Amino acid sequence: MRLLILSQYYPPETGAPQNRLHGLAVNLKRLGAVVTVLTAMPNYPKGEIYPGYETLDYLKEEIDGIEVHRSSIYITKSRSITKRLINYFSFVWSSYDIGKSKLSKEYDFILCESPPLFLGISALMLCANKNAKLIFNVSDLWPESAEKLGLVSNPLFLSLAKKLEEYLYRKSVLICGQTQGIVDDILKRFPDKELHWFPNSVDTDQIDPDKIQSISRSDYGFEETDKLFMYAGIIGHAQGLEIIVEAAKLLETNSNIKFILVGDGPEKEDLMHSVKNNNLSNVLFFDSMPKAEVISLLKSVVATIIPLRKLELFKGAIPSKIFESLAMAKPILLGVDGEAKELFINEGNVGLYFKPEDEVDLAKQIKVLLEDEDLRYTLGSNGKSFVKDKFDRSTLAYELYQKIRIL
């Protein structure tokens, strides 16, 4: 099997699609597939090309034994939809150009990551050029999510995007959905298509809390008595991280409680201003870290906080940051309703639920965890077992490999 993975996002960037796709590539190679990746120059989430890649239009490199080809991309920090579209389409055209001229002449399959939805245009053209079949991997229902978040409102644009979405689904031999909600939504609209649930996951063999060294607290400015609660990921609009700042206000009198926000994103500066304006000493910000450092930091926390805004759209969301916390036997404080709550709170019993955008409830659940050491241990132990059973990366890659083989 010769497979090309086409994605705007890939390591050394950090994030859900980056981790999921690289893990898939490595595991498929172990199973005997020939896997190539076509991606952009790394720039996410700061909107800056990483050092060493700045002046390049094309680069071929190898990451963990995977051949990776990179093409140019227009970078912007603007929130303007026009600038964002230029960003997306610059990679659509550069990826097609590099894919056509620099990659092998034939592939059996091209797996395209969406969003951005428009990358499907490059995928279709490359499928024709390489005599390949299209596998469309949907991590977010677009343009539906952009419309519901208020990021896009132009009726003509939305209509054209929906037509493109439908066309890409119809041209795919397999559609993968990151959540069961995505799979169900597409299946209702396209009952004749072949769908497969391919969620975010974790390398449970590599992330073992018994083998991972904890951080030196003094290096990060923490006291030994500090009770740490962490959010690590994109600091964006969808996450609604204001709730952590508001909960920090409510818990400010408990000087041992510290909130750690690790990552970058468009809302980080506003959040930092809010913390400063409220003179909060219990909220600390750190820039994006290598995954290994985040895992070591996880070993020192009481729990991780997983919030999303209170939107109907997010009832089908499963944030990727859940999995490494559970693999490290750390409970989660989950502020996401719907599928995530059903899986991780009701079924897995791996953490405590708080109402989305309700800082009073979040503060209450933090107190519950702090007051019950046995509960913390039980939830953490449940989490480690749950991800091993249901979200092990190598197992999920094998299941997808078997699915692709018969297409």
Side-chain angles (χ1 to χ4, degrees), residues 15-16 140 145 148-149 178-181 199-200 227-252 254 257-263 265-268 270-271 274-275 280 282-285 294 298 301-326 328 330-372 375-376 379-380 382-383 386-387 391:
D140 195 4
S145 60
K148 290 185 176 179
L149 284 171
Q178 183 206 321
T179 69
Q180 195 60 56
N200 288 317
K227 305 299 183 182
L228 307 177
F229 291 83
M230 183 171 76
Y231 169 87
I234 300 303
I235 301 180
H237 176 74
Q239 288 72 31
L241 296 174
E242 299 90 348
I243 191 174
I244 294 180
V245 177
E246 295 303 316
K249 291 181 189 177
L250 297 174
L251 297 168
E252 192 175 9
N254 188 328
I257 298 177
K258 296 290 192 301
F259 295 92
I260 311 166
L261 282 81
V262 180
E267 302 297 320
K268 184 174 182 177
D270 288 345
L271 282 176
S274 178
V275 168
L280 294 174
N282 57 349
V283 182
L284 305 170
F285 291 88
V294 174
L298 265 173
V301 307
V302 175
T304 58
I305 303 173
I306 317 288
L308 281 176
R309 291 196 179 278
K310 189 178 180 179
L311 294 172
E312 190 71 21
L313 172 70
F314 292 144
K315 288 188 175 181
I318 300 180
S320 63
K321 55 192 68 67
I322 290 174
F323 300 98
E324 288 170 351
S325 297
L326 300 188
M328 283 294 291
K330 293 297 178 179
I332 60 172
L333 290 160
L334 181 70
V336 185
D337 216 338
E339 186 173 339
K341 181 185 176 186
E342 179 61 35
L343 266 174
F344 298 102
I345 305 301
N346 299 348
E347 181 183 346
N349 190 28
V350 304
L352 300 180
Y353 170 78
F354 65 91
K355 299 171 187 174
E357 299 191 42
D358 188 334
E359 65 273 13
V360 175
D361 199 19
L362 172 57
K364 175 184 174 183
Q365 301 307 326
I366 287 172
K367 290 178 180 178
V368 169
L369 273 186
L370 286 177
E371 292 168 1
D372 194 334
L375 176 63
R376 296 198 301 271
L379 295 175
N382 290 347
F386 193 63
V387 292
F391 296 98

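Everything numeric here is computed off the predicted structure, so don't read it as measured data. We count residues from 1, following the sequence as given.
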- Message: If you define the side chain from C-beta out and look only at heavy atoms, does anything of K367 sit under 4.5 Å from L251?
- Response: yes
- Check whether any side-chain heavy atom of M230 sits under 4.5 Å from a side-chain heavy atom of V294, and report yes or no. yes
- Query: Taking C-beta and beyond as the side chain, do L250 and E359 meet within less than 4.5 Å on heavy atoms?
  - Reply: yes
- Message: For a 4.5 angstrom cut-off between non-hydrogen side-chain atoms, does R309 reach E242?
- Response: yes
- Message: Can you give me the closest heavy-atom contact between V302 and R376, atom names plus distance?
- Response: CG1-CD, 3.5 Å
- Message: Nearest 0.5 Å, please: how far is CG in L228 from NZ in K258?
- Response: 8.0 Å
- Point-to-point distance, once rounded to the nearest 0.5 Å, from CD of E371 to CD1 of I366: 12.0 Å
- Can you find a pair of side-chain heavy atoms, one from I322 and one from N200, that are under 4.5 Å apart? no
- Message: Once rounded to the nearest 0.5 Å, what's the spacing between atom CD1 of I306 and atom CZ of F344?
- Response: 9.5 Å
- Would you indicate whether the side-chain heavy atoms of I305 and F354 approach each other to under 4.5 Å? yes
- So do V245 and F259 actually touch side chain to side chain, heavy atoms under 4.5 Å? no
- Give a yes or no answer on whether the side chain of T179 reaches the backbone of I318 with a donor-acceptor pair at less than 3.5 Å. no
- Note on the structure: Rounded to the nearest 0.5 Å, the OH atom of Y231 sits from the CD1 atom of I260 at a distance of 14.0 Å
- Message: Can you give me the closest heavy-atom contact between E252 and N282, atom names plus distance?
- Response: CA-ND2, 3.7 Å
- About how many Å separate CG of L379 and CG of N349, when rounded to the nearest 0.5 Å? 5.5 Å
- Keeping the roles fixed (side chain from K227, backbone from L370), state whether a donor-acceptor pair exists under 3.5 Å. no
- Taking all non-hydrogen atoms of both residues, which atom of A317 and which atom of A340 are closest, and how far apart? O-CB, 3.4 Å
- Message: In the structure I gave you, are the side-chain heavy atoms of P356 and L308 within less than 4.5 Å of one another anywhere?
- Response: no
- With rounding to the nearest 0.5 Å, note down the distance linking CG in L271 to CG in L241. 6.0 Å
- Message: Looking at every heavy atom in both K310 and E357, which two are closest together, and how far apart are they?
- Response: N-OE2, 2.6 Å
- Item | Ion pair E312/K315, N-O distance below 4.0 Å | yes
- Closest non-hydrogen contact found for L362 with A247 is CD2-CB, 3.8 Å
- Check H237 against E267 and note the closest heavy-atom contact, atom names and distance. N-CG, 3.5 Å
